[in-house]
Visitor: 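One structure coming up, written as structure tokens, with questions to follow.
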Amino acid sequence: MDNTKNNYQLICGAEIHVELNTKSKMFCGCANDPFGADKPNIYTCPVCLGMPGALPVPNKKAIEDCILIGLALGCKIAKVSKFDRKHYFYPDLPKGYQISQYDEPLCYDGLVETSYGPVRITRVHMEEDTAKMHHAVVGGKKVSLIDFNRSSVPLVEIVTEPDIKSPEQAKEFLKKVRDIIRALGVSSCDMEKGSMRLEANISLSKDGTLPSYKVEVKNINSFRFFANSLEFEYKRQSEILEKGETPIQETRGYRDGRGTVSQRKKEGAADYRYFPDPDIPPLVIDDSWITQIKSRLPKLPDAIAKDLVTAGVIESAAKIIVNNPDYFSFITTIQTLEPSMVKIAANDLVNKKIDANTTPEDYLKTKKEKAGTKIVDESILKPIIEKLVSENQTLVGEYKAGKTGVLGFFVGGVMKVTGGKADASVVNKLLLSLL
Ligand SMILES: [Zn+2]
């Protein structure tokens with residue numbers, strides 16, 4: 001991002017929506033499987049179709065998963081929380097309101113570290129997803145179809161403070177949040193399918209203080225697009241500010257190749273006419289419930305990276321592994337099956353010596369087989385070493401003069417001749433006796 005021309009500081013906050021993978025929906029017993037459904041509108045009932053008089057019953061597992069996400073993001077957990085109705089009119093919202101949380105979210109005040117500085121988490125709250133619109137042509141007519149399989153799927157919203165200052169930081173932060181949630185096992189975080197969706201609130205400032213406006217960019221479905229929208233908005237907004245004007249407070253959409261495009265004037269909270277949902281009593285969250293949820297917290301990527309470093313993996317490799325879901329699951333399996341192999345497997349992974357189709361079990365088996373065919377027979381190894389020694393008398397002299405590092409040359413030489421199959425400890429022993 002070119003911010004050398006003028007000294008505007010990018011100020012960005014993120015909103016992240018994550019669909020939970022609970023068995024049933026947020027407020028009814030319908031299956032929560034919008035991506036696996038064979039047909040539209042098969043997982044529906046009066047509650048998620050928004051029929052008058054239908055009563056919502058909160059999904060306990062979804063609430064626990066939301067709290068688990070909050071805990072993993074370093075949040076405090078509310079002692080009392082409630083659900084509110086957020087009103088707006090759109091065909092994908094059958095009740096005319098979405099059940100969400102307004103002023104008493106389940107989780108608040110968290111923090112996620114990035115290498116560019118911390119990003120504070122304002123809140124993590126629970127709500128329900130909307131139905132899905134499909135725009136199609138039927139009988140030559142343009143129509144909009146609605147699929148209610150997604151209506152009322154449990155949706156967690158994570159809101160950050162405006163602490164993101166660059167596209168690079170945004171990418172690192174978002175990836176980290178995704179990896180943490182995946183490690184918790186509560187969502188697939190699949191951005192292509194839409195089980196993880198991103199929004200950016202972007203403004204620019206000369207002195208780092210929060211300006212009076214912000215531009216919201218919605219419907220971002222990749223980390224790259226998120227970073228692109230920051231770059232695009234930085235350029236667009238700085239041009240407006242240079243003219244002495246203030247960018248309009250509005251909602252924009254991201255279009256790949258075109259940057260962000262204006263959609264509508266931004267609603268304020270007042271436009272949504274929030275009020276507590278009278279059908280759902282407030283939630284009381286006691287310490288024993290939180291303790292119980294906490295016990296589900298697995299080791300998170302940061303902690304696993306530290307473990308890898310302790311196991312002898314270099315820090316940069318450990319970071320690559322925890323940030324790659326495939327590597328991550330591979331290495332955690334190795335850690336369970338054969339902890340002594342973690343360092344070797346980690347190096348093989350980052351050096352791309354392991355085929356993508358190799359399972360950790362296969363990998364360990366192959367390694368063991370190779371180890372089993374190691375040449376330990378001294379009558380085979382001794383002549384090889386003797387030949388190397390006689391051919392490299394200068395190095396032998398250096399060794400005798402105290403340069404023990406030359407041993408590596410001889411070990412390497414034996415490995416070259418034997419195709420790496422010589423047993424290193426036997427080679428070392430023979431070398432020392434011959435030298
Ligand atoms: Zn339902």
Side-chain angles (χ1 to χ4, degrees), residues 16-69 81-102 104-106 124-136 143-158 181 184-197 219 272-285 289 293:
I16 306 165
H17 279 99
V18 175
E19 278 179 353
L20 296 178
N21 57 9
T22 50
K23 282 203 181 77
S24 56
K25 289 186 179 181
M26 188 60 219
F27 297 109
C28 59
C30 291
N32 168 18
D33 192 16
F35 307 123
D38 298 334
K39 281 192 281 184
N41 298 308
I42 52 172
Y43 302 135
T44 57
C45 73
V47 175
C48 57
L49 286 173
M51 299 291 185
L55 285 173
V57 178
N59 180 334
K60 189 179 176 197
K61 175 69 165 46
I63 291 167
E64 290 180 345
D65 287 358
C66 180
I67 293 175
L68 193 66
I69 291 174
S81 183
K82 68 174 166 67
F83 285 101
D84 300 277
R85 293 184 177 180
K86 177 182 179 179
H87 297 81
Y88 65 94
F89 181 77
Y90 205 68
D92 63 8
L93 192 66
K95 297 191 290 289
Y97 61 85
Q98 177 191 31
I99 305 178
S100 180
Q101 296 196 285
Y102 180 46
E104 288 180 30
L106 283 167
V124 177
H125 73 252
M126 186 81 250
E127 57 189 33
E128 57 177 343
D129 210 343
T130 59
K132 198 166 167 53
M133 304 270 290
H134 294 275
H135 304 286
V143 293
S144 292
L145 306 167
I146 308 176
D147 176 6
F148 286 92
N149 285 340
R150 201 183 71 177
S151 177
S152 209
V153 160
L155 194 64
V156 167
E157 181 171 349
I158 299 157
I181 296 174
L184 300 176
V186 295
S187 171
S188 63
C189 293
D190 184 333
M191 293 207 274
E192 252 169 62
K193 283 182 175 164
S195 66
M196 182 175 186
R197 311 194 281 267
N219 307 325
Y272 290 125
R273 292 168 291 124
Y274 279 101
F275 66 78
D277 193 306
D279 291 334
I280 308 171
L283 285 162
V284 177
I285 304 154
W289 194 19
I293 298 166

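In each ligand, atom 1 is the first atom listed, and ligand 1 is the first ligand listed. Because the structure is a prediction, the values reported are computed rather than measured.
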Visitor: Going by heavy atoms in the side chains, are Val18 and Val186 under 4.5 Å from each other?
Guide: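 Val18 does not reach Val186 side chain to side chain.
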Visitor: Give every protein N, O or S atom lying under 2.8 Å from the Zn ion (ligand 1), naming each by residue and atom.
Guide: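 Short answer, with waters excluded from the count: Cys28 SG, Cys30 SG, Cys45 SG, Cys48 SG.
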Visitor: Without placing hydrogens or testing angles, list every side-chain donor-acceptor pair under 3.5 Å for residues 28-37, not counting sequence neighbours.
Guide:
unit_1, atom_1, unit_2, atom_2, d
Asn32, ND2, Leu20, O, 2.9
Asn32, ND2, Thr22, O, 2.9
Asn32, ND2, Thr22, OG1, 3.2
Asp33, OD1, Gly36, N, 3.2

Visitor: Is a salt bridge present between Lys95 and Asp277, judged by a nitrogen-to-oxygen distance below 4.0 Å?
Guide: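 Here Lys95 does not pair with Asp277 in a salt bridge, since their nearest N and O are not under 4.0 Å apart.
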Visitor: Applying the ring pair (Phe, Tyr, Trp, His ring centres under 6.0 Å) criterion to Phe83, which one of Tyr274, Phe275, Phe27 satisfies it?
Guide: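 For Phe83, the ring pair (Phe, Tyr, Trp, His ring centres under 6.0 Å) test succeeds with only one of Tyr274, Phe275, Phe27, which is Phe27.
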Visitor: Determine whether Tyr272 and Tyr102 satisfy the following criterion, side chain to side chain contact (heavy atoms under 4.5 Å, CB included), listing intermediate values before the conclusion.
Guide: CA-CA 10 Å; Tyr272 290 125; Tyr102 180 46; over 6 Å; no
Visitor: For a side-chain hydrogen bond (donor to acceptor under 3.5 Å, both in side chains) check, start with the C-alpha distance between Ser195 and Glu19, then their side-chain angles and the critical distance, and finish with the verdict.
Guide: CA-CA 5 Å; Ser195 66; Glu19 278 179 353; 5.1 Å; no
